[in-house]
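Keep in mind that what you see is a predicted model, and the values were worked out from it rather than measured.
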Amino acid sequence: MNSFWAGLLDQWAQTQPVKRTIDAICGFGLLVFPTECVVCGTVDASLCDRCSRDFRRGTVRPFRAEAEATSLPESEWSHRMADAGSFEPLPVVSAGVYSDVVAQVLLSYKNKGHTDLKPQLLAALAGALHHGVHDLSDRHALIHLISVPSRSSSYRRRGYDPVSLLLQHIDKRRLLPAGTVVSSPLTYTTRSALRQILPPILASGHQKGLGRRKRATNVGGTMRLKASCRAGIAGHVYVVVDDVLTTGSTIAEVTRALRDSGGLVAGAVVIAAATGTGGSEQNKANSQRTGGE
């Protein structure tokens with residue numbers, strides 16, 4: 001769907017008459033088709049009170065998660081000091097660890113159509129954003145928050161872009177960190193689009209089950225700037241926003257596309273990380289189900 005019409009439809013859906021109508025329909029639907037908690041199966045709530053508390057506890061303390069994400073690009077500092085021979089990965093702040101309740105909530109929101117879990121995820125992402133850009137706001141006049149774009153096939157299947165939708169609502173509720181704006185200058189290349197329709201033996205557009213090196217190769221060169229945005233990238237500061245961090249290869253591709261046009265990428269923020277503090281090999285394997293990087 002064209003981004004203009006998608007935004008217009010989203011604004012219409014947020015009007016009070018429409019929201020009251022939707023709430024009434026949902027209430028009736030619960031009587032006919034009871035909803036179960038996506039985590040524990042308790043009836044009448046997509047996320048029961050106990051699991052909601054567990055989710056909040058799991059995302060209330062953002063942490064630095066870049067240590068084990070071996071495909072992340074270099075930080076802006078080492079990127080500009082390459083002659084010094086030092087390397088520091090791009091800093092990534094995560095709201096929580098990708099496991100248990102946090103993983104189930106993300107899976108249900110992203111792959112099972114549970115957009116009713118948006119309030120919990122919105123709060124977690126907003127907290128991580130404030131934590132992640134806190135130090136940067138003193139050094140830069142304006143920071144552009146850019147979500148990793150969804151592939152067109154994923155958008156058609158879901159009907160929404162999971163991370164972009166959260167950012168839009170954070171923006172509308174005026175919960176963005178001071179000195180930040182939401183930007184969307186990237187799209188997938190023609191090469192990436194072809195990967196979605198060619199047989200897997202010729203071009204694989206999916207990353208489930210791929211190793212770290214293959215995952216990095218699979219996303220390399222798949223993103224480009226929108227034609228309307230190419231002239232406005234140089235000199236601007238960006239923070240990449242994604243749902244799940246695994247190897248960091250997708251964040252690396254976004255960073256490449258921005259830096260190639262003169263953009264400055266200061267770091268990234270994710271809702272959950274399968275690496276870093278509290279991460280495990282099992283968490284990394286689970287994260288592949290969401291397509292997170």
Side-chain angles (χ1 to χ4, degrees), residues 19 22-23 25-63 65 68-69 92-131 147-148 150 154 157-170 173 175 206-209 241-246 269-293:
K19 290 175 71 174
I22 292 174
D23 289 342
I25 293 173
C26 290
F28 177 76
L30 289 177
L31 295 176
V32 181
F33 305 105
T35 301
E36 295 183 352
C37 175
V38 300
V39 179
C40 69
T42 299
V43 177
D44 287 347
S46 290
L47 195 64
C48 69
D49 290 343
R50 184 185 66 181
C51 293
S52 183
R53 288 193 297 270
D54 289 343
F55 179 83
R56 286 197 299 272
R57 280 195 293 266
T59 56
V60 74
R61 298 180 185 277
F63 62 92
E68 296 177 30
V92 180
V93 171
S94 177
V97 175
Y98 187 83
S99 64
D100 304 325
V101 174
V102 175
Q104 289 300 320
V105 170
L106 267 172
L107 279 167
S108 298
Y109 169 69
K110 185 173 179 180
N111 291 341
K112 299 180 181 178
H114 272 283
T115 54
D116 52 344
L117 296 173
K118 186 169 51 184
Q120 291 87 349
L121 291 164
L122 184 152
L125 180 57
L129 285 171
H130 279 267
H131 186 92
S147 60
V148 174
S150 288
S154 297
R157 174 169 51 85
R158 298 187 184 110
Y160 59 97
D161 183 329
V163 181
S164 178
L165 184 62
L166 291 176
L167 270 182
Q168 289 172 15
H169 280 271
I170 291 174
R173 297 187 183 188
L175 298 176
H206 301 282
Q207 302 197 74
K208 181 179 178 180
V241 183
D242 204 359
D243 51 0
V244 180
L245 172 72
T246 307
V269 173
V270 298
I271 300 172
T275 59
T277 304
S280 69
E281 290 302 320
Q282 183 60 46
N283 293 340
K284 297 170 191 175
N286 289 341
S287 72
Q288 292 178 9
R289 302 175 194 170
T290 69
E293 286 309 318

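A donor-acceptor pair is defined here as one N or O able to donate and one able to accept, closer than 3.5 Å; such a pair exists between the side chain of H130 and the backbone of L175. Side-chain N or O atoms of S94 include one that pairs as donor or acceptor with a backbone N or O of A273 at under 3.5 Å.
V97 places a side-chain heavy atom less than 4.5 Å from the side chain of F63. Between I271 and Y109 there is no side-chain heavy-atom pair separated by less than 4.5 Å. Side-chain contact between K112 and V38 is absent, with no heavy atoms from C-beta onward closer than 4.5 Å.
Rounded to the nearest 0.5 Å, atoms CG (L167) and CG (L129) are 6.5 Å apart. Rounding to the nearest 0.5 Å places CZ of R56 at 11.0 Å from SG of C51. Atom-to-atom distance recorded for K118:NZ and Q168:CD is 9.0 Å, nearest 0.5 angstrom. How far CD1 of I170 is from CG of L125: 4.0 Å, rounded to the nearest 0.5 Å.
The two residues G113 and Y160 have their closest heavy-atom pair at CA-OH, 3.5 Å. Considering all non-hydrogen atoms of both residues, L106 and A272 come closest at CD1-CB, 3.7 Å. In plain terms, the two heavy atoms of L47 and C37 that are nearest each other are CA-SG, 3.9 Å. Closest non-hydrogen pair, A128 versus P62, comes out as CA-CG, 4.0 Å. Across K110 and R158, no two heavy atoms sit closer than the pair O-NE, 2.7 Å.
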Between R61 and H131, does the side-chain contact (heavy atoms from CB on, under 4.5 Å) criterion hold? Intermediate values first, please.
CA-CA 9 Å; R61 298 180 185 277; H131 186 92; over 6 Å; no

List the steps and the verdict of side-chain contact (heavy atoms from CB on, under 4.5 Å) for C40 and C48.
CA-CA 8 Å; C40 69; C48 69; 3.5 Å; yes

Is there a side-chain contact (heavy atoms from CB on, under 4.5 Å) between F55 and L121? Walk through the geometry before answering.
CA-CA 9 Å; F55 179 83; L121 291 164; 3.7 Å; yes

Between R173 and L122, is a side-chain contact (heavy atoms from CB on, under 4.5 Å) present by the stated rule, with each step listed?
CA-CA 10 Å; R173 297 187 183 188; L122 184 152; 4.2 Å; yes

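Taking a 6.0 Å sphere around CZ of R57, one finds it holds more than 12 heavy atoms contributed by other residues, nucleotides or ligands.
Looking at L117, D54, V39 one by one, the single match for side chain to side chain contact (heavy atoms under 4.5 Å, CB included) with Q104 turns out to be V39.
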